[in-house]
**Q** 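One structure follows; several queries about it will come next.
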Amino acid sequence: MSESSFMSSPDARGHFGEFGGRFVPEALMPACLELESAFRDAWADAAFQHEYRTVLKEFGGRPTPVTPLPRLSERLGLELYAKREDLAHTGSHKINNVVGQTLLTKRMGKTRVIAETGAGQHGVATATAAARFGLECTVYMGEVDTKRQVLNVFRMELLGATVVPVTSGSRTLKDAVNEAMREWVSCVNDTHYCLGSVMGPHPFPWMVRELQSIIGIEASAQLHDMGVGTPDLVVACVGGGSNAAGVFAGFANTSARLVGVEAAGGSAVGMGSPGVLHGMKSLLIQDEFGQIEEAHSISAGLDYPGIGPEHAFLATSGRAEYQAIGDDEVLGALKVLSELEGIIPALETAHAVAWIMKEAGGAIPKGSKVLLNLSGRGDKDVAQVREILRAEG
Amino acid sequence: MSESSFMSSPDARGHFGEFGGRFVPEALMPACLELESAFRDAWADAAFQHEYRTVLKEFGGRPTPVTPLPRLSERLGLELYAKREDLAHTGSHKINNVVGQTLLTKRMGKTRVIAETGAGQHGVATATAAARFGLECTVYMGEVDTKRQVLNVFRMELLGATVVPVTSGSRTLKDAVNEAMREWVSCVNDTHYCLGSVMGPHPFPWMVRELQSIIGIEASAQLHDMGVGTPDLVVACVGGGSNAAGVFAGFANTSARLVGVEAAGGSAVGMGSPGVLHGMKSLLIQDEFGQIEEAHSISAGLDYPGIGPEHAFLATSGRAEYQAIGDDEVLGALKVLSELEGIIPALETAHAVAWIMKEAGGAIPKGSKVLLNLSGRGDKDVAQVREILRAEG
Amino acid sequence: MKHLEQQLRALRSSGRKALVPYFVAGLTPDWIQHVEAAVLAGADAVEIGVPFSDPMIDGVVIQEGVLRSLEAGTTLDSVCKDLSSLSTHVPLVAMTYYNIFFHYGLERAAGKIAASGLSGAIVPDLTIEESSDWRVACDAHDLANVFIVAPSSTPDRVALLAPASEGFCYASARMAVTGRAADEGDAKRVVGEVRAISDVPVYVGIGIGTPEQAREASMVSDGVIVGTALVQLILDGGDVHAIEDFIGSFRRAIDIAPVSA
Amino acid sequence: MKHLEQQLRALRSSGRKALVPYFVAGLTPDWIQHVEAAVLAGADAVEIGVPFSDPMIDGVVIQEGVLRSLEAGTTLDSVCKDLSSLSTHVPLVAMTYYNIFFHYGLERAAGKIAASGLSGAIVPDLTIEESSDWRVACDAHDLANVFIVAPSSTPDRVALLAPASEGFCYASARMAVTGRAADEGDAKRVVGEVRAISDVPVYVGIGIGTPEQAREASMVSDGVIVGTALVQLILDGGDVHAIEDFIGSFRRAIDIAPVSA
Ligand SMILES: Cc1ncc(COP(=O)(O)O)c(C=O)c1O
Ligand SMILES: Cc1ncc(COP(=O)(O)O)c(C=O)c1O
């Protein structure tokens, strides 16, 4: 990969610098190769591109707007804009990815998708796209999460999906990925594994980034139309890193500073080291023996001990920075955005808001033009936030 | 009003045929008159129109798409399209109205809004727009509803609004309107009453319809762009009637049949008679003595014993038809739309879906082009639906 | 000029300030005795509130009274029937929301209440703009239609309302729904605005809860309307004696007021 | 040719089918005795599973074993230390996920396990495409790197994997993670594809849970790998005697198999 052109394609084996690649059981290699070639083919096919964009427009609600945030801007002394993925169908950027992958599933002649989910956002999105295209759908979800997110389980069921509680390991997202991979081995013929972020074996990190890059491509054009031009800073929260990759993709080759905000308890860049998990080489939170540690975050969507390999590359190459925000800073940011701008963000997104609030006038010079990727809406989180605030009295 | 041009302006005193007008305490008359002239003025002002449209675009997520519904179409033998108000900010068409009214509030130099709410959708929307424009906001909500809709109360509070539980009468929506009117009397100088549907005294029914007509105007243009042309049928659910009025407005002077679907337990057209309530003359559900009866519906948003006066006029003049759907038909429709199209509709909206499902091939001839106004998303309802389905076993 | 107005003008000419209590009809089985007690204690006219399910301009106390009365089965017909047992020399004025009359049929309702001895009506949610049909019905039965003027009424509205109000003109003391209030409100200004345009008697209502408040309001007007405080007394179980005492105290308070302000 | 492969080719030449049990290292404090018991009962080589937190290709039984071992504090170092007390004539092959070696340092890990008496390694999530660094490290320490061929492997992949696999080639009997299975799977086809390309010994694993299954698999291959059923036995509290009995029953079953299929 040429260092002067960030976020172009990875190498032939899916490497972003030293990260990425494919670390999967041989049983899955043919499926990964098939998927790679199917995606390469589809992505270069104008008809597929047209269908993908048409579905995202007519069904997914794209383009999502860029919203100026005048009141928060005034408070912080910045010029803030938000790319509104919260307004996309199902309430987050996740739909961009699943629409692409379900269309690809059909193109490959497969009739079923499986997916992992943490809080349920990617699961709901996958179930949604599967319903829309008449595919069978099974979602693996840590048993702990199925109990925490009863309503999202029910939403998936309403959408016709089967939700399988995963009882291995920590019974959370990490284990749901393991289980989905295991399951994929036994049904790879007719089933596509619809991975939810820019992670996993090649071609997933690249494919999901490409499917999410519509965020950044739209935002860049919208900011130009609004007369804002290139922002000084683009900020996104990072779980696996798909929304961040999507928005960064529109600005990687501009002068914009790119900042990904991780949860402090799941900060793979800040606390992690190189390792191999879930089919990829990347930065991971692991103990001194290479055992993967559980991530901990108030937001289920950032509760992942790794980060997509391209982010690991962007971090080590210096093109993007990654910052961490603790649980205690998140609720305040959620409240401020709600009260000042009338947008209740997802807890994940609130990490990015919190970092902007914290660094305004510091690491972010006064007057900077900042694009926040507002990755999702907070409706899914209000019950949890309410409980926390009540407990705090 | 000329019968050949439906859904133009009401007469000078706000009458749609024999319905509408102003039936309010004298104390509120000056405010109604001020509001009427302020709206008339603003609506004719290109700068206001521009701001209203810009906010709806950048903040509200407009235009919402028109989504073809291929799988449900196939099942029903129809050609179905959905106007996706569920994708608008806060999850329903309510945002169109509140953006307009809060902009008007500022234009009138007022600093505060009050609103009534049933399930909380209009309350959340009002709190949202108030936050966005830095207005104080108080929302009146029947005490029964505050208990049923704890999370919506919390959402409003997160947005900085004060929610006042109303303990008079049946402690539901009807009483919340009474209470908001009472409250308005005492703060009318600095406070605008942001009514949530095409009801109340003139200019509200007309103003809210105008603010919602963007739905129909967009949909008509979108259907033409998609090559569909004028639909044979336009269907919307009806509580007060704002989403129906909004979509009908785009088709009132075409050949399209217009159908509003009420909840059977709140069917003001089917079961009501002319009467005066909440500032308007319209069709109301009342007993033999003129006492207003409580409406009953599985969906809080249709739980209103009246209907907007313009709908009463459209019904009696024959330009639109109004049909009723019982609670028992609603859940099935919600499930079908979820499973076949990947869209979980609001319970309100599911009434319109249910009627289409019921009449496909009957009152709706096979092959008809049908536009469904998908007024809101079902996220707010999934807890309730889950409880009902569990109770049914 | 309607009969009611002739009576109330005569009252004013006599130098006496009008004391007009408000009752929720049907609130208790003996509500007719309550009315009689009030008259005995010095009421000059009585407002007969016909309960409506959605009393938009009433505060919590009257709402409660209305609700109880409705639960007891009160209807416009039952009120009229009850009134047939009332014999009194003071005028009675109906007070209810428009839907009660509209639903009954305007002409029919006007005839019915007139036949039951009522000589006027206050319909707080009937704006002058929407009132023509009702006023035709009133005219046919010599019913006086009372309009309310509010502190927010603009000069052009006062100029519409004051001349159109029959019997008396209801000057709302404040921007509030019925209920108690601590301050004096805008009574003086509102009354003044009405008087500048019309010589119809002007009574002050809304928030008159104590004899002292009544005295002050009567000093700037031709009479006072006492609602919430009285309904509260009855809700609290006050009997005819309590009502007599209550009305008596108001009577005394306004009688010692200087003749005019 | 690596030493492991020389040994296993010699075993094949002797006409004996290889029986290769899999142990989760550190699962019990006496796991080394378990290994010794298996060897005593007729194991020809032993897979030493070094536990990893995220055993992506393992079924519930081995997951459970791995988890217990990790909770007991097992590490690559502790495994190697334990192995120093094991004296056996049969070859030992490490089986773990790539991150364990990668995190330890590939060269350092290869040196460490070789020094602990292991002569081969199976890394199920290390694809041949990503394996070059690891194979360099293996070469430096005469460690045989075993590749797995799956039922889904395409001819071109078999052509890559079979020649590259050292010691033996692991033929996955089915498209599944480790665990018990009812059917015979694709063992015969997969083994045939490998044999068409390479004469490295081919062992069948994945789903070999009973002596009967082992017998059938051994009839079409050069040996069998028995994992889940054995781990289950140990999880259930099986002691050295039980392990001897278990391995003995597999030994007998494959020994009566016809010499070749
Ligand atoms: C709203 C939202 N934002 C962000 C994330 C984190 O995922 P990613 O980093 O892949 O964007 C999630 C995951 O569920 C999410 O729901
Ligand atoms: C989604 C949705 N649809 C419809 C309605 C009914 O209101 P209206 O008839 O004014 O559109 C509501 C009211 O809350 C609603 O939330």
**Q** Is any side-chain heavy atom of Ile292(A) closer than 4.5 Å to one of Asn99(D)?
**A** yes
**Q** Between chain A and each of Ile100(D), Thr75(D), Ile57(D), Val123(D), count heavy-atom pairs under 4.5 Å; write down the option with the most.
**A** Thr75(D)
**Q** Report, by ascending residue number, the residues of residues 184-197 of chain A in heavy-atom contact with chain D at a distance under 4.5 Å; give 'none' if the set is empty.
**A** Val185(A), Ser186(A), Val188(A)
**Q** Is the shortest heavy-atom distance from the side chain of His202(A) to the side chain of Glu129(D) under 4.5 Å?
**A**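 Result no, sub-4.5 Å side-chain heavy-atom pair not found.
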**Q** Would you call Phe289(A) and His103(D) a side-chain contact if the rule is heavy atoms closer than 4.5 Å?
**A** no
**Q** Given that the side chain runs from C-beta out, which part of Glu293(A) has a heavy atom under 4.5 Å from chain D: side chain, backbone, both or neither?
**A**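 Contact with chain D: none, neither part.
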**Q** Write down the atom of Ser168(A), the atom of Gln63(D), and the distance for their closest heavy-atom approach.
**A**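 So the minimum-distance heavy-atom pair works out to CB-OE1, 2.7 Å.
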**Q** Taking side chain as C-beta onward, heavy atoms only, is Ser152(D) less than 4.5 Å from Pro30(A)?
**A**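 Heavy-atom side-chain distance check passes, below 4.5 Å.
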**Q** Between CZ of Phe102(D) and CG of Leu277(A), what distance do you get to the nearest 0.5 Å?
**A**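 Those atoms lie 12.5 Å apart.
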**Q** If I take atom CD1 from residue Ile148(D) and atom CD from residue Glu26(A), how far apart are they, to the nearest 0.5 angstrom?
**A**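 Between Ile148(D) CD1 and Glu26(A) CD, I get 8.5 Å after rounding to 0.5 Å.
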**Q** For chain D, which candidate among Ser170(A), Ala27(A), Ser273(A) shows the most heavy-atom pairs at distances under 4.5 Å?
**A**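 The residue among Ser170(A), Ala27(A), Ser273(A) with the greatest pair count is Ala27(A).
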**Q** Pick from Tyr98(D), Tyr97(D), Phe101(D), Trp134(D): which one makes a ring-ring contact (aromatic ring centres under 6.0 Å, His included) with Phe23(A)?
**A** Tyr98(D)
**Q** Quick check on Glu288(A) against chain D: is it the side chain, the backbone, both or neither that has a heavy atom closer than 4.5 Å?
**A**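 Contact with chain D is through the backbone of Glu288(A) alone.
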**Q** Quick check against the 3.5 Å criterion: does Gln291(A) have a side-chain atom that pairs as donor or acceptor with the backbone of Asp54(D)?
**A** no
**Q** Does Lys2(D), at its NZ atom, have more than 12 non-hydrogen atoms belonging to other residues, nucleotides or ligands within less than 6.0 Å?
**A**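 More than 12 heavy atoms, drawn from other residues, nucleotides or ligands, come within 6.0 Å of this atom.
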**Q** Once you round to the nearest 0.5 Å, how far does CD1 of Ile128(D) lie from CZ of Arg22(A)?
**A** 13.5 Å
**Q** Which bit of Pro151(D) comes within less than 4.5 Å of chain A, counting heavy atoms only: side chain, backbone, both or neither?
**A** neither
**Q** Just verifying a value: how many Å separate Met29(A) CE and Arg157(D) CZ, rounded to the nearest 0.5 Å?
**A** 4.0 Å
**Q** With a 4.5 angstrom heavy-atom cut-off, is it the side chain or the backbone of Ser153(D) that approaches chain A, or both, or neither?
**A** both
**Q** Using non-hydrogen atoms only, which part of Val66(D) is less than 4.5 Å away from chain A: side chain, backbone, both, or neither?
**A** neither
**Q** Within the supplied structure, the quantity of interest is the number of heavy atoms (other residues, nucleotides, ligands) at a distance under 6.0 Å from Arg189(D) CZ; does it exceed 12?
**A** yes
**Q** Heavy-atom cut-off 4.5 Å, strictly under: side chain, backbone, both or neither for Thr167(A) against chain D?
**A** neither
**Q** Which bit of Pro55(D) is near chain A, if near means a heavy-atom gap under 4.5 Å: side chain, backbone, both or neither?
**A** both
**Q** Tell me, do Pro201(A) and Glu130(D) make a side-chain contact under 4.5 Å, heavy atoms counted?
**A** no
**Q** Counting C-beta onward and ignoring hydrogens, is there a side-chain heavy-atom pair between Asp125(D) and Val276(A) closer than 4.5 Å?
**A**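 Asp125(D) vs Val276(A): side chains touch.
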**Q** Side chains of Met56(D) and Glu179(A), heavy atoms from C-beta outward: is any pair under 4.5 Å?
**A** no
**Q** Counting heavy-atom pairs under 4.5 Å with chain A, which one of Asp58(D), Leu67(D), Leu76(D) comes out on top?
**A**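 Option with the greatest count: Asp58(D).
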